[in-house]
Amino acid sequence: MVALAAATGRPEGPLIDTHIHLFAADQARFPYHRDAVYRPPASPLEDYIRFAREARLDHAVIVHPEPYQDDHRYIEHCFANEPSPGFFKGTCLFDPISPRTPASIEALIKRNRGRIVALRIHATRKSGEPPTTAGAIRDRDLRSPAMKTTWRAVHDQGLAIQAHITPNHARDLAALAAEFRDTPVVIDHLARAGQGDPAHYADVLGMAKLPRVYMKFSGLEYSSSQGYPYKDLKPLVRRTYDAFGPGRMIWGSLGTSMEEFQKNVIVFEELLDFASGSDRARIRGINAALLFGFTR
């Protein structure tokens, strides 16, 4: 499989990774937050730059990861030391029910003009479990009035919502997306379809009726029961593509090494082989360039 990937090489057209996490090697300068929900090994900017140049990526979106919580110093460091001007954009993470969040988002944007594209919200708790109100920034109540206040601030700042959800939260997310119809909503990782009742995925697909909701082709391991190369996902990918269309799907999690990248290229091309070449090119980068304001 790796040998076949090597022969495939870089796909044609714009290539934008819309979902990368970077973690500093220097934990004294960029420590993980006390509320970090996991503590991964380093995956530093310097290594990623070498990979991005070898893979010939056009741009990347750094998804600010949970180990840093609302401390954005490392993503700002990445902006200041990117491989080429305008290469990176990024998402932010703030508590979506905190009254301080609108001002925090505004301050981060002012320090990083044109760089912050979305606020990421995590809702992955199991059905029946209560939402959190403090601690790690995840699983807050999507029905909270404070959540709506934050969405309004996101809209006013011209950002998107990046939603990391499991399918059981699709209805609550859809209600917010319908109320804030002009705010782009990006659903991560095929909504982690394998980690929820299959019936709930109909609610995920129903969000495609809202014109500014996008689906990210990423995190396939969360939905596959077979593992790489995720061939069991072909029907799910086809249903998702038919619902959202080639104009509202984007690609992420391309890897941080050439071996990972080549394997991900193979999976993309195999699971989306029913789409035309021009439509696959839209998903690989054209849609993200338009959505996030990248210029080549």
Side-chain angles (χ1 to χ4, degrees), residues 18-19 63 91 96-97 117-131 138-145 147-148 150-152 154-155 159-225 230 232-253 268 271-272 274-275 279-280 282-283 287-288 290-292:
T18 64
H19 199 106
V63 175
T91 71
I97 63 170
V117 295
L119 170 71
R120 196 176 194 214
I121 292 175
H122 298 265
T124 59
R125 70 185 187 279
K126 295 179 180 179
S127 298
E129 292 183 356
R138 57 166 37 239
D139 291 322
R140 303 300 196 241
D141 187 357
L142 293 175
R143 302 180 184 183
S144 166
M147 181 72 69
K148 291 185 180 182
T150 292
W151 276 59
R152 191 168 295 110
V154 165
H155 172 269
L159 304 185
I161 292 288
Q162 182 174 341
H164 177 213
I165 65 166
T166 44
N168 54 309
H169 296 286
R171 287 192 179 184
D172 288 340
L173 183 68
L176 285 163
E179 183 170 347
F180 298 92
R181 295 179 67 89
D182 295 331
T183 301
V185 175
V186 178
I187 303 172
D188 281 344
H189 305 329
L190 298 175
R192 299 177 77 121
Q195 298 179 340
D197 185 328
H200 286 141
Y201 203 69
D203 296 329
V204 174
L205 297 181
M207 294 183 67
K209 297 176 182 177
L210 298 167
R212 302 225 67 191
V213 178
Y214 296 75
M215 177 61 75
K216 188 181 293 179
F217 184 89
S218 63
L220 304 182
E221 65 274 14
Y222 299 126
S223 297
S224 173
S225 61
Y230 314 120
D232 57 320
L233 295 186
K234 191 72 171 281
L236 177 75
V237 170
R238 184 61 195 254
R239 289 173 61 206
T240 304
Y241 175 93
D242 288 344
F244 287 88
R248 285 192 290 133
M249 290 185 71
I250 57 178
W251 191 18
S253 301
F268 180 96
L271 292 185
L272 286 159
F274 54 81
D279 286 342
R280 292 199 303 275
R282 295 173 74 180
I283 298 169
N287 293 337
L290 294 172
L291 176 62
F292 297 128

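A quick note: this is a predicted structure, and the numbers were derived from the prediction, not measured. Keep in mind that the numbers below use all heavy atoms, side chains included, and drop hydrogens, waters and symmetry copies. Numbering of residues begins at 1 and proceeds along the displayed sequence.
- Here His155 and Phe180 keep their ring centres 6.0 angstrom or further from each other.
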Practice task
Evaluate the side-chain hydrogen bond (donor to acceptor under 3.5 Å, both in side chains) criterion for residues Tyr201 and Thr240: first the C-alpha distance (whole Å), next the side-chain angles of each, then the deciding distance (0.1 Å), finally the verdict.
Solution key: CA-CA 10 Å; Tyr201 203 69; Thr240 304; 2.9 Å; yes
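- Scanning for side-chain contact (heavy atoms from CB on, under 4.5 Å) contacts around Ser223 gives Leu190, Ala193, Leu233, Leu236, with sequence neighbours left out.
- Atom CZ of residue Arg248 and atom CG of residue Leu291 lie 11.5 Å apart, to the nearest 0.5 angstrom.
- Under a cut-off of 6.0 angstrom, the local environment of CZ in Arg238 is crowded, with over 12 non-hydrogen atoms contributed by other residues, nucleotides or ligands.
- For Leu210, the side-chain contact (heavy atoms from CB on, under 4.5 Å) partners at least two apart in sequence or on another chain are Ala177, Ala178, Arg181, Val213.
- For the atom pair CD1 of Ile161 and CH2 of Trp151, the computed distance is 5.0 Å after rounding to the nearest 0.5 Å.
- A distance of 8.0 Å separates CD of Gln195 from OG1 of Thr124, quoted to the nearest 0.5 Å.
- Atom CD1 of Ile283 sits about 5.0 Å away from atom CZ of Phe268, to the nearest 0.5 Å.
- Formation of a donor-acceptor pair under 3.5 Å by the Arg171 side chain with backbone atoms of Asp203 is not found in this model.
- At a threshold of 4.0 Å, the pair Asp279-Arg282 counts as salt-bridged, since one of the basic side-chain nitrogens sits closer than that to a carboxylate oxygen.
- Put simply, the residue from Thr91, Thr18, Ile250 that forms a side chain to side chain contact (heavy atoms under 4.5 Å, CB included) with Val186 is Ile250.
- With sequence neighbours left out, Glu221 forms a side-chain contact (heavy atoms from CB on, under 4.5 Å) with Tyr230.
- By the ring pair (Phe, Tyr, Trp, His ring centres under 6.0 Å) test, His169 pairs with no residue at all, sequence neighbours left out.
- For His122, the ring pair (Phe, Tyr, Trp, His ring centres under 6.0 Å) criterion is met by His164, not counting sequence neighbours.
- Here the CE atom belonging to Met207 is positioned 4.0 Å from the CD1 atom belonging to Ile187, to the nearest 0.5 angstrom.
- Not counting sequence neighbours, the partners of Lys234 by the side-chain contact (heavy atoms from CB on, under 4.5 Å) test are Leu271, Asp273, Phe274.
- Formation of a donor-acceptor pair under 3.5 Å by the Asp188 side chain with backbone atoms of Ile165 is not found in this model.
- Separating the CZ atom in Phe217 from the CG atom in Asn287 is a distance of 14.0 Å, to the nearest 0.5 Å.
- Residues Arg140 and Ile121 form no side-chain contact, since every pair of their non-hydrogen atoms from C-beta on lies 4.5 Å or further apart.
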